[in-house]
Amino acid sequence: MINTVDKLLCNGILNKEELIALLECNDTQTNGYLRECAVKKRLEIYSNHVYIRGLIEISNICKNDCYYCGIRKSNKNCSRYRLKKEDILSCCKSGYNLGFRTFVLQGGEDGYYTDEVLCDIISSIKSEYPDCAVTLSLGERTKDSYKKLYDSGADRYLLRHETANADHYSKLHPAELTLRNRMDCLKNLKEIGFQTGCGFMVGSPYQTIENIAEDLLFIAEFKPQMVGVGPFIPHTDTPFKNEPAGDADLTCKILSIIRLMLPNVLLPATTALGSVEKDGREKGILYGANVVMPNLSPENVRDKYMLYNNKLSSGAEAAESLNLLKESMKKIGYETVVSRGDYKINN
Ligand code: SAH
């Protein structure tokens, strides 16, 4: 299997069978070598720097009913909130003072945020903080809408593809949500010029190892600037409440594979990884991730943006405790930096 890792290292790609074999491989030596190669690549390109993003969860109101998600429309136990422009700008203000130079606006698909409302928010953030990047993660919109958001100053867009297999997609979403539309959205975002992020959950219900290989092949072909991968974690008020959580070790292994497929990719050690295992976020960094996204939402709404049970939003996961995060990164030999942390094109 060491040869397979070398092949991935040299070519940045493997075929489906090889990916499945690598994903299934339990050999400590091979897995250790995979991690070493991924970390080496990451250090070559991004040094030991860890980019920080201030995550502002702008609304948990959502018109969609994704079976895995705690803020799905049908969840009557979810106490709903939405942030107004002033709230968001005040998050940016505290974030800026803490050293954040990227703000990520994430939320459910909430009809309140028309193009007009969002463009106004984005252009205000960009004019107050011209040295900052704005990332959006607001789900599926039309190409025309994405273009308006881009033109008002948004730099990046995260839209996980969730699974590259249409059949699997239909087991995670109601019929009105299709893989076809998700993929069209991703293509549109990239065409418009956004630094674009896709990604998926590890261990989502009905996922097979073959599905993960398909996700990786899609990522290799799509060449996104960002990839978000974290373990699935059940939420009590969803149809998947009794499903097991995804595996942290497999998630980390996948991070290493992605680092070798797309050496320059911006790859977060996700909150879900930190939530499923103690020191999960640090582990993600040690397997090739180079981004962390602490929570910058107003404190009184943090426990309401509950995508899954026991989602971390305190301690080093909280933006105001950036010093804790810095310390934990320093302990493992990495350094958080005050920078927009853009995708590196050359190298
Ligand atoms: N509405 C936006 C943001 C969704 S939340 C959108 O559609 O892109 C961001 C990500 O959280 C989702 O893409 C999904 O992959 C992840 N997520 C949702 N529920 C989860 C769960 N139960 N466990 C782990 N991750 C989850």
Side-chain angles (χ1 to χ4, degrees), residues 1-14 19 22-23 25 27-53 99-102 133 135 156 158 195-199 202 216 219-220 223-230 248-271 273-274 277 279-294 316 322-347:
M1 281 312 278
I2 294 274
N3 289 345
T4 309
V5 178
D6 278 331
K7 195 167 167 190
L8 175 60
L9 178 65
C10 289
N11 305 341
I13 189 76
L14 292 174
L19 280 171
L22 185 56
L23 288 163
C25 170
D27 174 44
T28 332
Q29 207 190 343
T30 304
N31 290 337
Y33 182 58
L34 171 64
R35 182 176 85 81
E36 269 169 42
C37 292
V39 167
K40 192 161 164 254
K41 268 272 181 260
R42 174 245 197 274
L43 292 174
E44 270 169 30
I45 295 162
Y46 289 103
S47 175
N48 69 338
H49 294 169
V50 175
Y51 296 143
I52 51 172
R53 321 296 195 197
F100 288 95
R101 295 296 177 267
T102 291
T135 303
R156 311 186 187 126
L158 302 172
Q195 290 179 44
T196 304
C198 64
V202 176
L216 293 171
I219 289 168
K223 298 187 174 44
Q225 285 81 16
M226 307 172 284
V227 177
V229 173
D249 289 328
L250 180 59
T251 305
C252 288
K253 186 175 187 177
I254 291 168
L255 292 176
S256 294
I257 296 177
I258 295 171
R259 173 61 63 204
L260 292 182
M261 284 182 150
L262 302 174
N264 298 48
V265 78
L266 296 164
L267 191 62
T270 58
T271 306
L273 184 55
E277 186 170 295
D279 300 330
R281 197 188 26 227
E282 288 76 4
K283 198 161 157 182
I285 298 293
L286 292 169
Y287 278 75
N290 63 335
V291 173
V292 285
M293 300 168 69
L322 199 57
N323 51 330
L324 291 179
L325 180 67
K326 269 188 199 151
E327 278 309 308
S328 78
M329 291 298 131
K330 210 168 139 193
K331 255 193 208 153
I332 58 168
Y334 289 82
E335 188 191 344
T336 57
V337 291
V338 177
S339 134
R340 276 174 52 117
D342 281 300
Y343 179 78
K344 292 210 170 141
I345 292 170
N346 299 312
N347 213 322

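Taking CD of Glu335 as the start and NZ of Lys326 as the end, the distance is 10.0 Å to the nearest 0.5 Å. Going from atom CG of Asn264 over to atom CD1 of Ile345 covers 9.0 Å, rounded to the nearest 0.5 Å. Taking CG of Leu255 as the start and CZ of Arg35 as the end, the distance is 12.0 Å to the nearest 0.5 Å. Rounding to the nearest 0.5 Å places CG of Leu322 at 4.5 Å from CD1 of Ile52. With values rounded to the nearest 0.5 angstrom, Asn323 atom CG is found 11.5 Å from Lys330 atom NZ. For the atom pair CG of Asn290 and CD1 of Ile285, the computed distance is 7.0 Å after rounding to the nearest 0.5 Å.
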Item checked: Worked check of side chain to side chain contact (heavy atoms under 4.5 Å, CB included) between Leu267 and Leu262 -> CA-CA 10 Å; Leu267 191 62; Leu262 302 174; over 6 Å; no

Next item on the list: Determine, stepwise, if the pair Val202 / Leu273 fulfils side chain to side chain contact (heavy atoms under 4.5 Å, CB included).
Entry: CA-CA 10 Å; Val202 176; Leu273 184 55; over 6 Å; no

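In this structure, Met261 and Leu14 have side chains that are not in contact, with every pair of non-hydrogen atoms separated by 4.5 Å or more. Contact of the Val229 side chain with the Thr270 side chain is not registered, since no non-hydrogen atoms from C-beta on lie closer than 4.5 Å. Side-chain contact between Leu19 and Leu8: absent, with no pair of heavy atoms (C-beta onward) separated by less than 4.5 Å. Side-chain contact between Met293 and Leu158 is present, with at least one heavy-atom pair separated by less than 4.5 Å. Under the 4.5 Å side-chain criterion, counting only non-hydrogen atoms from C-beta, Gln225 is not in contact with Asp342. Counting heavy atoms from C-beta outward, Tyr51 and Thr102 have side chains that stay 4.5 Å or more apart. In this structure the side chain of Cys25 reaches within 4.5 angstrom of the side chain of Lys253, judged on heavy atoms. The side-chain heavy atoms of Glu277 and Lys283, taken from C-beta on, include a pair separated by under 4.5 Å.
Counting only N and O atoms by type, the side chains of Ser328 and Arg281 include no donor and acceptor under 3.5 Å apart. Remark: the Asp6 side chain and the Tyr33 side chain contain an N/O donor-acceptor pair separated by less than 3.5 Å.
Shortest non-hydrogen contact noted between Leu286 and Val39 is O-CG2, 3.1 Å. Across His49 and Arg42, no two heavy atoms sit closer than the pair O-NH2, 2.9 Å. Pairing each heavy atom of Val292 with each of Met329, the nearest pair is CG1-CE, 4.4 Å. Of all the heavy atoms in Met226 and Gln195, the pair that sits closest is CE-O, 3.1 Å. Residue Val265 comes nearest to Tyr46 through the heavy atom pair O-CE1, 3.9 Å, listed as atom of the first residue, atom of the second, then distance. Of all the heavy atoms in Thr251 and Gly230, the pair that sits closest is CG2-CA, 4.1 Å.
The side chain to side chain contact (heavy atoms under 4.5 Å, CB included) with Asn48 is formed by just one residue from the set Ile332, Val337, Leu43; it is Leu43.
Arg53 contributes a side-chain N or O that, together with a main-chain N or O of Arg340, makes up a donor-acceptor pair within less than 3.5 Å.
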